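Working notes, beginning with the structure itself.
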Amino acid sequence: MKVAVTGASGLTGSLVVRKLQERGHTPLAVVRSQDKADELCASYANLDVALADVTGPDARASLETALGGADALIICTSAKPKLDFWSLPGVIFGKMMGNKDAKPRFSFPAGAAPRDVDYEGTRVQIAAAKAAGVSHVVLLSSMAGTLPEHFLNVSMDKIVLWKRRAEMELIASGLEYTVIHPGGLLPHYGQKEPAPGGQRALVVGVDDALMERDAAGRVIPREDVAALCVLALDTPEARGRSFDVVSSPPGEGAAFSGDMAALLSSLSGENCDYSKPANLEELLG
Ligand SMILES: NC(=O)c1ccc[n+]([C@@H]2O[C@H](COP(=O)([O-])OP(=O)(O)OC[C@H]3O[C@@H](n4cnc5c(N)ncnc54)[C@H](OP(=O)(O)O)[C@@H]3O)[C@@H](O)[C@H]2O)c1
């Protein structure tokens, strides 16, 4: 299959490109600058690349052109939060005083907030995919879409709520879809140790129930997430599905076999329920 990957320069998107090549697909890496295109081409042999900024004025036209002839689209774009370093002393002080919930603050550049990238930028990708005749869209999103009070929503401009709103548009679009909500991606920001895929047991769920697990069981290597994005393309059971996924700590349970249909069978057909949170529109204003 010819598979377009947006956000192909990102940490997970670039792994998706690699997994596509490994499985014999032809990836088309969609990135927003020539510099990123050059970087990717230096790492991947014979890579097709297209340029599109999903928030730019010509986003629809450039995406529609790029997606022409693609069988599938894997969306890995995301707004990129910027840590407010001045919030760190308060976090350290809070933790010293026993406030385990003390969290840093984040911000986004103007025009690159979650509403711009994760909602409008995903909507334009969905519209372009439909117009270009793409048959299947895999949307990499996040857990916490049912939890307005979660740190990601409170401290990052409702990022997962905006992602969820875009997921709803994908589902309503009539395109074949797979929506994947991973838990915390490994390696974590700033973490030095690699987090190889294919070594952990994966666990799927819906509606953020997996958030109840211990912190070590609410994470997942990016490489495993990338593998699922690619496996979804040729797993019929992954179509029309929206689910959460995390991993168990290394050594706990059997490593994921690569059989996505078997993994999803533990859900007995259940999907995330988009009536939650009931006041999503109100929350997004
Ligand atoms: N971090 C976590 O723990 C976590 C947990 C669950 C889910 N997720 C979600 O998983 C997904 C992958 O995460 P990640 O950390 O691998 O992502 P990432 O490295 O931050 O990659 C984001 C990608 O989006 C691209 N992008 C941003 N704005 C764009 C625009 N206007 N036009 C075109 N491309 C644009 C970036 O391009 P540039 O390279 O040019 O900046 C980059 O390729 C994201 O949706 C994220 O929210 C993350």
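Numbering of ligands and ligand atoms starts at 1, following listing order. These numbers come from a predicted model, not from an experiment.
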Enclosure of E282 CD (heavy-atom neighbours >12, cutoff 6.0 Å): no
For E22, does the CD atom sit with more than 12 other heavy atoms under 6.0 Å from it, leaving out its own atoms? yes
Tell me, which pairs form a salt bridge (charged side-chain N to carboxylate O under 4.0 Å, His left out) where one or both residues lie in residues 196-214, sequence neighbours left out? D207-K276
Counting each atom of ligand 1 from 1 as listed, which ones have a heavy atom of [X] under 4.0 Å away?
X	answer
S142	6 (C), 7 (C)
S9	37 (O), 38 (P), 39 (O), 40 (O), 42 (C), 43 (O)
S141	7 (C), 8 (N), 9 (C), 10 (O)
G10	19 (O), 21 (O), 42 (C), 43 (O)
T55	31 (N)

So, [X] side chain and [Y] main chain: donor-acceptor pair closer than 3.5 Å or not?
X	Y	result
D224	G197	no
N99	D101	yes
K158	L283	yes

Flag for D38-Q34: side-chain donor and acceptor within less than 3.5 Å: yes
Between E39 and S9: side-chain donor-acceptor atoms closer than 3.5 Å: no
Look at [atom] and say which protein heavy atom is nearest, naming residue and atom and giving the distance to 0.1 Å.
atom	value
atom 3 (O) of ligand 1	L185 N, 2.9 Å
atom 34 (N) of ligand 1	T77 CG2, 3.6 Å
atom 27 (C) of ligand 1	S78 O, 3.2 Å
atom 5 (C) of ligand 1	G183 O, 3.3 Å
atom 16 (O) of ligand 1	T12 OG1, 2.6 Å
atom 20 (O) of ligand 1	K80 CG, 3.8 Å
atom 25 (C) of ligand 1	G7 CA, 4.0 Å

How are the rings of H181 and Y274 set to each other: parallel, tilted or perpendicular (split at 30° and 60°)? tilted
Among [options], which residue places a heavy atom closest to [atom]?
atom	options	answer
atom 11 (C) of ligand 1	L186, I159, L140	L140
atom 22 (C) of ligand 1	A29, A226, C76	C76
atom 1 (N) of ligand 1	R222, H188, R32	R222
atom 30 (C) of ligand 1	D53, I75, L15, V219	D53

Is ligand 1 less than 4.0 angstrom away from at least one heavy atom of [X]?
X	value
A52	yes
G184	yes
K163	yes
G121	no
G56	no

Find out if a path of hydrophobic residues (ILVMFWY) with successive side-chain heavy-atom gaps under 4.5 Å connects L233 to L73. no
Are M156 and L88 linked, directly or through intermediate hydrophobic residues, by side-chain heavy-atom contacts shorter than 4.5 Å (ILVMFWY only)? yes
Under-4.0 Å salt bridge between [X] and [Y]:
X	Y	answer
E237	R241	no
E167	K163	no
D71	K2	no

Under 3.5 Å between any N/O of L11 and any N/O of ligand 1: does that happen in this structure? yes
Any nitrogen or oxygen of V54, main chain or side chain, under 3.5 Å from a nitrogen or oxygen of ligand 1? yes
